[in-house]
J.: 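Before I ask anything, let me first share the structure, which is written out below as structure tokens.
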Amino acid sequence: MTDNIENEAGSSEQQNPAADMPKNYDPASIESSLFDFWYRNGYFHRDAGGYANPEKEPYTIVIPPPNITGMLHMGHALNDTIQDTCIRRARMQGRPTRWILGTDHAGIATQTKVDKKLADEGISRLKIGREAFIDECWKWRKEYGGTIVTQIKGMGCSCDYDDEHFTLDPDYAQGVRRLFVEWYHKGLIYRGKRIVNWCPHCTTAIADDEAEYVDEVGHLWYLRYPLVEPIDGQDYIVVATTRPETMLGDTGVAVSPKDPDKKKFVGAKVRLPLVDREIPIFSDFYVDAGFGTGFVKVTPSHDPNDWGMGERHGLEKINIFDETAHVVEGYGKYSGMDRDEARKAIVEDFDALGLLDHIEEHEHSVMTCYRCHTKLEPWESEQWFVAVDKLKEDAARVVEDGEIQFHPARWKQVYLDWLSNLKDWCISRQLWWGHRIPMFYCDSCGWEDACMDDVEVCPNCGKPVRRDTDVLDTWFSSQLWPFATQGWTTDGAEAAEIKANYPTQVLSTARDIMGLWVARMVMSSMYCIKQIPFENVIIHPTVMGADGKPMSKSRGNGVDPLKLMKDYGADGMRFGLLLQVTGAQDLKFNEDRLEGSRNFATKIWNAARFILMNLDGYEPGDPQPLTDADKWILSRLAKLTARLDEEAEDFEFAKQAQDLYEFFWNELCDWYIEFSKGRLREEGPTKLATQRNLVFVLDQSLRLLHPMMPFITEEIWQKLPVQCDRPSIMVAPWPDSKELAKFIDDDAERAIELVRQVVTSIRSTRARYQIGNKKQIDVVVKASKEDIAAIEAERDLVFTMGNIGNLTMDPDAQKPKGASAIVTDDLEVYIGLEGLVDFEAERKRLEKNRDKLLKDKQKLDKKLSNEGFLAKAAPEVVEKTRNEAADVEDSLARVEAQLAELD
RNA sequence: GGGCGAUUGGCGCAGCGGUAGCGCAGAUGCUUUACACGCAUAAGGUCAGCGGUUCAAAUCCGUUAUCGCCCACCA
């Protein structure tokens, strides 16, 4: 079917194209072949298989590169649907589009997985060594790295699959190296000793933002530290600590400068138990006099705040732990113990010495490694840092002045706050899988440099050099994503793709990597390209479980998008998710929406089936708005298209989806197709015009739906005799709201509104008295002359849809004896029921109707008798209110009249 | 501790200054020749509490309560 690229419109010899359509749309049977069809024809490339208009502005999106360890989760499903919707729309508008695809090597995540896999096989990473381990990682990537790309294809995403990138590709890696070398030579990268969050299990530094806090009920140990000289008869002070084992590294005790009781201790010394070290008592503003005892033990090497105090007061920094958090040599029996053993031993020894004052329970949070969940150790080590102060200025400016727009806009401030609180960025990681830091050192003469090419011997003294063994933080490499994927490595900012297509248009991502990734891309892009990397940042809602909590394996509230696609089709999942992308920051996952979207797909399918079944004698041609019904649906289509354009501009996905749904289902299917049924039975020009209108409206609707529901729209479009020479809806022109505006017709909309009032009144009465649709009834309509004229023009529609025997319309119509009366906004409908009418029930119904109108009238009268309102409200509001009041008055009078007649 | 968001019919959400809307569930009736993943009809809400601004507040401001997210983190 899709192989028939010719798609000859109107070749009348063909058998009925609806013949091979089952009653229910079956996504599984068509999705993959349609995807192949698109792929084979090159529609995913920037030239869209030759259908892109090179004159138009290019449109580019870079995908947030999924980790090679990743499986498709709900976050991807949502985010990739959003991006595909944007890019497909732009492609249909004729813009040269490209959605750049790739994956991230994900240093620590991948290393952990491979490590675990090897461990399961009984292989130790340390034993096989760095080279062999990296080989294992590449093997792993080869085996699993493509999984997620396959899954993205399954969603129908129109990425450029022929130019896939990977953050460890040779070209990309050179780019990363280039940036490091440049920043090093510019002084933007420096080496320093710092307290970092150290994972003793992974033996690497963990960035602040990679650490996870876990609440824990621990203890507060109150330890007595003897004073060297008693003060006022007091021979010890008491410190409170959650980590008694670190006392081995204490080099001071701090008190608050605002604590008058502690003044006398400042300058005194205590003798540190167990290690017999004399350390000073000093005052520092960091200390909170109200917490614990007001005395704080200070361990500069094992606490970031203590480190700060140590710097301010020139304290010695004593490191008591090795890289696996075991006590180092020189601490007697404690040496070699891990931190938990040391804690136990030290507390016991304090107790034995009578120096354990007391213990309290204490709730606090501890930092853990986000990968292995080992408690992190604040540890002093040598690391590489990026000095961010200069870089962040530009990154803040381009958002402040609106060059980069956030959607929803409130995220702008979050971004700016993140930047303003940014501290220098620790970029070295003690891992093997990643971009190895290109620093070379000569141990003989002390030469060192960052180099683009590997260095074997020292350029200074000729001795062998060694390379730094650390790798870079994964975010250091992902910050280059928008430009290193477009030729920056070899040609810099002058690269052809960058010159033609930079900046990109949209970056869509989750809020939790706004700083980690988004801000850093802006920083590096402003530095490397001197341009913003993207114009719009979409921060999509986070998909929460049905319980409103983040999805996680431990909570068991997760949902698998692969299963959802199986159950609802890729289109059903996509549309169901988009319906939930409102401006909210969280999205409580609602599977009902996907079910509804699957049903919607079936509805579209069956509407198409109906139209295709009724194309006997069809000849292609432009739409022919002969009747008010025709004019009405075309007018509605024109208005819908214009509205969708506006909503797309604002990245309002739920609204676009909702509007499409309502138009297609509640207007096209519920009314226009129903209207058309009678006409399709006639022969001649009316029938042909109706067919053309149906084909036209369906064609245009499918195009409007295509970015959100790519598969079903393509499948149907291939069967439909559309007036379009493009072989695929994917490259068919986007409906032009300006062109369609010629169909806007408010008179026709009004006429159909009246028809609907009459038909609905009849149905309502039938339902109330349980009169089947097959029984013909007589109907009298009382309405204004003009309204009657409008309905009269569509008399046959009222007849067919109402199954009416006699229809009388008259401005002065009298209710027939024994008829039921319906009062609508604009008219009365009398329906004769041959003695079936329950007048008591009729009265109750009309009274309810009246009471509602009375309430409305009271409200409006109150408003209109309010002088403040008349004086201060906008004139058009007053005018509108007056009209409403008149309408209510009119309806009320008519209802009252009907009630009077019942008496 | 700081910031942000949510609180609207049973459930999930729109609306964000001028008389409350949608989907699902539930009710009733329909094998109406596109669709029961359907059609039709009817029912259901003092928009979390309190205070304020305004001629007018679900909508703006303040406050309280509950829930959630993000950031920082106390020895």
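First the proteins, then the strands, lettered A, B, ... as listed; each starts at 1. Side chains included, hydrogens not; waters and symmetry mates left out as well; all remaining heavy atoms used.
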J.: Go nucleotide by nucleotide along RNA chain B from the 5' end; which of A:K588 and A:E867 gets its closest nucleotide reached first?
T.: A:K588

J.: In whole Å, I'd like the distance from the CH2 atom of A:W605 to the P atom of B:C35.
T.: 14 Å

J.: Under a 3.5 Å limit for both distances, which nucleotide forms a Watson-Crick or G-U wobble pair with B:G62, could you say?
T.: B:C50

J.: Output the rounded distance in Å from NZ (A:K863) to P (B:A56).
T.: 11 Å

J.: Considering only the C1' atoms, how many Å lie between B:C70 and B:A36, rounded to the nearest integer?
T.: 46 Å

J.: Could you point out which residue of A:L640, A:I604, A:L668 forms a side chain to side chain contact (heavy atoms under 4.5 Å, CB included) with A:S701?
T.: A:L668

J.: Any strand is fair game: report the nucleotide pairing with B:C22 by Watson-Crick or G-U wobble, both distances under 3.5 Å, or none.
T.: B:G12

J.: In whole angstroms, how far is the C1' atom of B:C11 from the CG atom of A:L579?
T.: 17 Å

J.: Centre-to-centre under 6.0 Å for A:Y25 and A:W605, is that the case here?
T.: yes

J.: With a 3.5 Å cut-off and heavy atoms only, can you find an N or O donor on one side and an acceptor on the other between the side chain of A:K603 and the base of B:C35?
T.: yes

J.: Thinking salt bridges, do A:K719 and A:D20 make one under a 4.0 Å N-O criterion?
T.: yes

J.: Under a 3.5 Å limit for both distances, which nucleotide forms a Watson-Crick or G-U wobble pair with B:A40, could you say?
T.: B:U28

J.: Can you find a donor-acceptor N/O pair under 3.5 angstrom joining the side chain of A:E652 to the base of B:A14?
T.: no

J.: Just how far, in rounded Å, is P of B:G18 from NZ of A:K862?
T.: 17 Å

J.: On RNA chain B, does the nearest nucleotide to A:T241 precede the nearest nucleotide to A:Y25 from the 5' side, or the other way round? Give the residue.
T.: A:Y25

